[in-house]
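Working notes for the structure below.
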Protein chains: 2
Amino acid sequence: MNEECCPETPKCCDMRGLLSFHILWILSRKSMNGQEIAEELRKRKGAKPTAGTIYPALKELRNKGLVGMEKIGRATVYSLSEEGRKELQTACKYFCSVFGEIFHEYEEKS
Amino acid sequence: MNEECCPETPKCCDMRGLLSFHILWILSRKSMNGQEIAEELRKRKGAKPTAGTIYPALKELRNKGLVGMEKIGRATVYSLSEEGRKELQTACKYFCSVFGEIFHEYEEKS
DNA sequence: TATGATGTATCGGATGTCCTATAATTGTTT
DNA sequence: AAACAATTATAGGACATCCGATACATCATA
C-alpha cells in the first residue's frame, strides 16, 4: 500500500464517499475493466477497493446510464456514456466549488 | 439555495461524504455552534444539513476527542481540539493527494 | 485435461451521511 | 407568566460506501 502517492490515511474522520464520482472521472480518461479501475483507485487512495465495493458501484452507474460495458474475453470494459460525460462535468464543477477553498489553502502552505 | 456559491447539484453520482472532514476544517477557522456550522456548510454545498445530520456527526467527533464543546446560553460552541488539529492536517494531506488531480485539471480549463 | 490465475459478481454486515419528524431546553418578548 | 423563537438533540429510515466470504467463468499453463 501507499507506494505511489498516498500519505497516511486519516483515522480522524471517515474519508468515504465520492466513489461513483471518482470512477466517472477515471473512466473519462480511459475505458477500463473493473480490476483496472480498482487499481487506479488504489494508486490514488492507497487502498484497493474490493470486488464487493467496485462492482455494485459500477452496476449502479450502468443502471443510471452513465457508463456502458462491453465484454472482451474474461474482462468487462466499462466506458463513459455521453450522458455520463455531461454529468461528470456538472459533478466536477460542484466538487471544485465545494472543496476548492480547502485545496487552495493547502497548496499555499506547500 | 445556491445564492452564495454553488452550481447545480449533480444528479449523476452521489456527492455524500466527507462531512466530518468538512466540519473539522470549518472549525479550524473559527469555533462555532451547531447552527453556524450548518450555515457554513450551506454556503459551500448549497444545502443546509438538518439537525439530524449535523448533531450526530458532532457527537461522533466529540467521542473521538477531535472537538470540544462549551455551553454558552442556549448555544453549544464546538471547537477543534489539539488532537483534532493534528488529525485535520493528516486528512487535508490525504484529501489533496487523492483529489488534487481532478482539481488541477478543472482549474486549467477555467 | 487438470491446475492455477484472473476477472466478474453477489451476499451480508458495518458505518457515515442524508432526510423528516419529534421533543426538550433556553432566551426573549408580550 | 405565557407565548414564541432559537438551539440542541434523538429516533427511524434510506442509501452509498466499505469490508470479507463465496462463487463462477475464462484463459493460460503444466
Return no unless some side-chain N or O of B:Y78 is found under 4.0 Å from OP1 or OP2 of D:dT7.
no
Is B:K59 close enough to D:dT10 that one of its side-chain N or O atoms is under 4.0 Å from OP1 or OP2 there?
yes
With the threshold set at 4.0 Å, does a side-chain nitrogen-carboxylate oxygen contact exist between B:R29 and A:E105?
yes
Lys/Arg-Asp/Glu bridge criterion (N-O < 4.0 Å) met for B:E101, A:R44:
yes
In whole Å, I'd like the distance from the [atom1] atom of [X] to the [atom2] atom of [N].
X     : N      : atom1 : atom2 : result
B:H22 : C:dC18 : NE2   : P     : 11 Å
A:N63 : C:dA9  : CG    : P     : 12 Å
B:R62 : D:dT8  : CZ    : P     : 12 Å
A:M32 : C:dT8  : CE    : C1'   : 17 Å
B:I23 : C:dC18 : CD1   : C1'   : 12 Å
A:K71 : C:dG7  : NZ    : P     : 12 Å
B:N33 : D:dT8  : CG    : C1'   : 9 Å
A:E36 : C:dT6  : CD    : C1'   : 12 Å

Against B:L80, only a single residue in B:L88, B:I26, B:I23, B:L61 fulfils side-chain contact (heavy atoms from CB on, under 4.5 Å); can you say which?
B:L88
side-chain hydrogen bond (donor to acceptor under 3.5 Å, both in side chains) contacts in which one or both residues fall within residues 76-85 of chain A, not counting sequence neighbours
none
Output yes when a side-chain donor or acceptor of B:H104 lies under 3.5 Å from a complementary backbone atom of B:G100, and no otherwise.
yes
Answer yes or no: is there a side-chain heavy-atom contact under 4.5 Å between A:Q35 and A:K48?
yes
Of A:I72 and B:Y55, the one whose closest DNA chain D nucleotide lies more 5'
B:Y55
Counting side-chain heavy atoms from CB outward, which of C:dA9, D:dA6, D:dT26 is closest to B:R74?
D:dA6
Do nucleotides 14-21 of chain D as a string where each nucleotide becomes B, S or -: B if the base has a protein heavy atom under 4.0 Å, S if just the sugar-phosphate does, - if no protein is that close.
BBSBBBB-
CG/A:N33 to NZ/A:K71 distance, rounded to the nearest 0.5 angstrom?
10.5 Å
